[in-house]
Amino acid sequence: MTFIPILSIKKYFRALCIMGLLLLGNTGMGQKNQNLLSPKITASENDAQQTALYQNILVGFLFLLLLYSAFRLKKKKNEEIDIQRHQILELNELNKKLLTEKEWLLREIHHRVKNNLQIVISLLNAQSAYLHNEDALMAIKNSQHRMHAMSLIHQKLYQSDNLANINMDWYVHELINCMKDCFRTAEKINFILEVEKTYLDVAQAIPIGLIINEAVSNAIKYAFPDDRKGKISIVLKNIGEKNYKLQISDNGIGLSKKFENIERNSLGMNLIIGLTDQIDGIFDIKNDQGLKITITFTRKTEFEETIENS
């Protein structure tokens, strides 16, 4: 419904009053003329005409008053809507600012964690220059590989627009490429990667990365003695709803007969089992033309969101 502006209402009311006065004047003049021409017109008829005119003026005035009241009410509501809209815009701007600050803070945290891990890796590398014990040197190298596996995740997160989840397809390929360079296995071992484009949050991505690092490191060091060539396969795929299977296998010499009493007490195997428990997974290991480690787990994310292709 559209309303007449207040200035138009005033003009209309003024015109109505002038028209009423003209009608009154015309009625008076008409009375004189009729008295001259037709003396039969009675005074009661003149009174009836004047009453009808006054009623019309009163109705017009009430109509204008009604329009004016509706206009004022509409104007007041519009002002209230404008105030609410302004408040909503201010609140949206504040939320946008807070979200930007939060994203910057998270990105800065990931950046600093990654830098701190790199500093520790460098310190260990410097310390190894003063060591001559092979076991100590191997322990430092293993620690460096583990920290590098964690550092890659924080590096990806602070460089990405998605600060909550990590693309495991990218991560596993990047991790294996780094391990190839560290162990120099390009000519000796063939890596077969079957990793779906799965997104995991940091709480699950880091344990998965450490499990892969530990299993692959052990396979590189122990599965292919005497420069034996072979292959290492890594599979990460969905097996229904939010359930996933991680499988690291090789075609090396497999487990020793004393595995239950010796290897299960090693640091590497204890790490894998402990990390599996951390993600509430199920651990399985067996000899199947080499060593096969299988871990099934359920994908859990703190912030559920639709992930678009990046």
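Basis for what follows: all heavy atoms, side chains included, without hydrogens, waters or symmetry-related copies.
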Looking at side-chain heavy atoms only, is the closest gap between His148 and Met179 below 4.5 Å? no
Lys180 atom NZ, neighbour heavy-atom count above 12 within 6.0 Å: yes
If only side-chain N and O atoms count, and only distance matters, is there a donor-acceptor pair under 3.5 Å linking His173 with Asn177? no
Stepwise side chain to side chain contact (heavy atoms under 4.5 Å, CB included) test for Asp201 and Gln204: CA-CA 6 Å; Asp201 64 8; Gln204 287 188 311; 3.8 Å; yes
Residue pair Asp82 / His86, side-chain heavy-atom distance below 4.5 Å: no
Are there over 12 heavy-atom neighbours, none belonging to Glu241, within less than 6.0 Å of that residue's CD? no
If hydrophobic clusters are built from ILVMFWY residues whose side chains come within less than 4.5 Å, do Val113 and Leu152 share one? yes
CA sep, side-chain torsions, deciding dist, call: Val195, Trp170, side chain to side chain contact (heavy atoms under 4.5 Å, CB included): CA-CA 9 Å; Val195 183; Trp170 172 90; over 6 Å; no
From Leu271 CG over to Asn213 CG, what is the distance, rounded to the nearest 0.5 angstrom? 9.5 Å
salt_bridge(Glu93, Lys97) N-O dist < 4.0 Å: no
In short, Ser151 meets Gln118 closest at the heavy-atom pair OG-NE2, 3.0 Å
For Ala205 and Tyr171, work out which heavy atoms get closest and say how close. O-CE2, 4.3 Å
Hey, is NZ on Lys286 packed in by over 12 heavy atoms from elsewhere, all under 6.0 Å? no
same_hphob_cluster(Ile220, Tyr222) at 4.5 Å side-chain heavy-atom cutoff: no
Can you tell me if NZ on Lys75 sees more than 12 non-hydrogen neighbours from other groups inside 6.0 Å? no
Just wondering, do Arg72 and Lys76 contact through their side chains at under 4.5 Å, heavy atoms? no
Parallel, tilted or perpendicular: which one describes the rings of Tyr244 and Phe297, with boundaries at 30° and 60°? parallel
Taking atom CD of Gln289 as the centre, report whether more than 12 heavy atoms of other residues, nucleotides or ligands fall under 6.0 Å from it. no
Quick one: do Val120 and Leu137 end up in the same hydrophobic cluster if we chain Ile, Leu, Val, Met, Phe, Trp and Tyr together by side-chain heavy atoms under 4.5 Å apart? yes
Considering non-hydrogen atoms only, spot the tightest contact between Gly209 and Leu175 and give its length. O-CD2, 3.7 Å
Any non-hydrogen side-chain atom of Phe71 less than 4.5 Å from a side-chain atom of Leu67? no
Hydrophobic cluster identity match, Leu193 and Leu200, side-chain contacts under 4.5 Å: yes
Ile282 atom CD1: more than 12 heavy-atom contacts under 6.0 Å: no
Check for me, please, whether Leu246 and Phe191 land in the same ILVMFWY cluster - side-chain distances under 4.5 Å, paths through other members count. yes
